[in-house]
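By convention in this document, chain letters (A, B, ...) are assigned in the order of the sequence lines, proteins followed by strands, and residues within each chain are numbered from 1.
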Amino acid sequence: MIVGFIKDLFKDFLHVKSHQILKSKLSENGDFSSNLAFLLTKEYRSSPMEVAKKIYNDIASKLPSGLRVELKNGYINFFIEWPLIKSFLMKKEKGYKHNGVDYINLEYISSNPTGPLNVVQARAGVYGDVLGNMMKYVGINVGKEFYINDAGRQRMLLTQSIIARIKELKGEESTFPEEGYKGDYIFSLARDFVDESIDSIGEKSIEEIVNWQKSSLKKIGIFFDKFVKESFIRSKGYPERVLEILKDKGFVYERDGALWFKSSNFGDDKDRVLVRSNGEITYFLADLGYHFYKYERGYKHFINILGPDHHGYIKRIKAGTEVFTGQDLLEVIIVQQVNLKENGKKKRFSKREGRFVLLDEVVDLIGSDVLRTFLLLRHHEQILDFDIELAQKESMDNPAYYLQYAVARLKNIVRKSNKEPLNIEDIKEIGESERRLFIYILYFDDLILRATQQKEPHQLLYYLIEVAKEFHRYYENYRVIGVDEEQMRLFLVEALIKMFVKGMELLSISVPERM
RNA sequence: GCGCCUGUAGCUCAGUUGGAUAGAGCAGCGGAUUUCUAAUCCGCAGGUUGGGGGUUCGAGUCCCUCCAGGCGCGCCA
């Protein structure tokens, strides 16, 4: 935690809110810089450079060995030299001080079990998965959860669709439900359950589809701590319990035979139905029940990752949750859509019509590493175009290989060298190129913390690509094996391997031994 | 109409909760291998950050407005 260490030098200036220690872009400006002087020009009534000088006088006596300071244009620039790098590398603990909430529920994908997973769902999946991994890495206690909507109307439609196909198979007369599911997989389910009793088809087909989904998730390296079924939530009476609380607090009223939640009190466009006039509860009330179940298990903060078509849902689910927790505990993150394209032209994506790109197909075609990288390569609020032909054609240019190749080169050096890396205590000096790489290693934990706080996993991917670039350049210019510095450089090589392995584990990109 | 998101190089995108000279990949052009893996590296070229106004030491980033695109607005989930 090099950034925190530098910031601690400025103990007298903690009141300055937007003080930042930034990683410098240009090496002439040092490794890190502080913008503090700019923020204090008013208070000190003098120019940034003058302020910087005063600040420097304050901290000069506290500077540890290996930390050099230069003042430039009002910036306070820090140069990290080997003695300081060494002391950081020798520290055992990461030194994260995460403040506040540390028991977080992270819910993502949460699809209807009405068909196999597709590429669109995989985006939110990969995003949530990596975010969860990073949270765990920085020491936050987080539960990754998948909510299975195995109840309600969509389930009924699924069952009806299958029954209709079974009748077709048997040559009986049947009418396919108007909004039924038309995908090919319905035929295969129909064949599986052709001799099944009508009553059990619903449950068995859901079971089957959930298994498909779980195997797809495994295939692309997305993992959950827990799966929760809507049917479980309903059978345990959670929706009713929430309903009672909402009633007690006076947020429920009856109109047209239905029960409504006063979500408009919380900034929603209009009120929302909790119980339909036919007595059935809505998806919304069941979902509130699910959130109550999360709350009951002691979670202090909930994060839901949803698709953009759900943004109209945010207000009401936040409002409902706030009523029974008494606090604003729910945070909703929208991961933007994936546009499926075919030869540059936009393709209609509809689950019911059965026209969508199956996750399994894509993974088989381009591989999990390439797909994950492709999905993580953009900010989650950026719409992403996915063209399967193009993705296949360009898969060789995918950054996943660039990262993996760097690791393969590193591991190859270790294999081929017959020497041992130098003990860190015995390393007296390093070159500038090595120093730059060590700085990347030092900053790694800071970067993860930043990416986690901002909930932007793509930052980690970009960072690893940047380090890989720095290493590939190093590799072209310096030899490890057979030179005087071999053992020192072996130490660097092993440190880099550790960092890449850690980073790629968080991203669930596989680490090759050779390529 | 209202709400949310987006607009940065020919294309696809990064850009530090406002920081120094806006960066990468692809595409284009030109180079580098008797030495640990060329799935690599180096160089050249490419920009009115959608338009306009504002806030300030400083704006791609914040505010206002206009333009363009996407998504949502159900007693579906």
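- Using cut-offs of 30° and 60° for the angle between ring planes, the A/Tyr474 and A/Tyr478 rings count as parallel.
- When distances run from any side-chain atom of A/Gln337 to the nucleotides B/C36, B/A39, B/G70, the shortest one goes to B/G70.
- Ionic pairing of A/Glu230 and A/Arg155 is not present here: no N-O contact between side-chain nitrogen and carboxylate oxygen is shorter than 4.0 angstrom.
- Using a 4.0 Å heavy-atom criterion, one finds that A/Gln454 contacts the sugar-phosphate atoms exclusively.
- Checking B/A38, B/U17, B/A14 against every side-chain atom of A/Gln20, the shortest atom distance belongs to B/U17.
- The side chain of A/Met396 sits closest to B/A39 out of B/A39, B/C76, B/C71.
- Among the heavy atoms of the strands lying under 4.0 Å from A/Asn77 is at least one base atom, whether or not backbone atoms are also near.
- At a threshold of 4.0 angstrom between heavy atoms, the contacts of A/Pro48 with the nucleic acid are absent.
- Sorted by residue number, the members of residues 476-485 of chain A with any non-hydrogen atom under 4.0 Å from RNA chain B read A/Glu476, A/Tyr478, A/Arg479, A/Val480, A/Ile481.
- Taking the charged nitrogens against the carboxylate oxygens, A/Glu322 and A/Lys318 have no contact shorter than 4.0 Å, which rules out a salt bridge.
- At a cut-off of 3.5 Å, with distance as the only test, a side-chain donor of A/His472 or A/Arg409 sits close to an acceptor on the other residue.
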Revision key, fill the gap. With sugar-phosphate taken as primed atoms, P, OP1 and OP2 and all else as base, the protein-contact string of nucleotides 21-31 of chain B at under 4.0 Å (heavy atoms; B, S, -) is B---S------
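- Partners of A/Glu420 under the side chain to side chain contact (heavy atoms under 4.5 Å, CB included) rule, at least two apart in sequence or in another chain, do not exist in this structure.
- For A/Lys25, the side-chain atoms get nearest to B/U16 when compared with the rest of B/A77, B/G15, B/U16.
- For the segment residues 275-287 of chain A, the set of residues with a heavy atom within less than 4.0 Å of an atom of RNA chain B comprises A/Arg276, A/Ser277, A/Tyr283, in numerical order.
- If you check every strand for non-hydrogen atoms under 4.0 Å, A/His310 touches a base.
- No engagement by A/Arg155 is indicated, since no non-hydrogen atom pair under 4.0 Å with the nucleic acid exists.
- In this structure, the nucleotide among B/U6, B/A14, B/C76 sitting nearest to the side chain of A/His379 is B/A14.
- Listed by chain and number, the residues in a side chain to side chain contact (heavy atoms under 4.5 Å, CB included) with A/Thr282 are A/Val273, A/Arg276, A/Phe284, A/Leu285 (sequence neighbours excluded).
- Using a 5.5 Å limit on the distance between ring centres and a 30° limit on the angle between planes, the aromatic ring of A/Tyr75 counts as stacked on the six-membered base ring of B/A20.
- In terms of phosphate contacts, A/Tyr401 brings no side-chain nitrogen or oxygen within less than 4.0 Å of OP1 or OP2 of B/A39.
- Annotated stems with RNA chain B as a participant read B:1-7 with B:67-73, B:10-13 with B:23-26, B:28-32 with B:40-44, B:50-54 with B:62-66, given as range with range, by first number; only runs of 3 or more Watson-Crick or G-U pairs under 3.5 Å qualify.
- Contact check, A/Arg409 against B/U40: no side-chain N or O comes under 4.0 Å of OP1 or OP2.
- Comment: A/Arg436 does not engage A/Glu434 in a salt bridge, judged by the lack of any side-chain N to carboxylate O separation of less than 4.0 angstrom.
- Residue contacts shown for A/Arg415 are absent, as no nucleic acid heavy atom lies under 4.0 Å away.
- Residue A/Asn35 is classed as a base contact, given a heavy-atom separation below 4.0 Å to a base.
- Within the 4.0 angstrom heavy-atom criterion, no nucleotide atom of any strand lies near A/Leu410.
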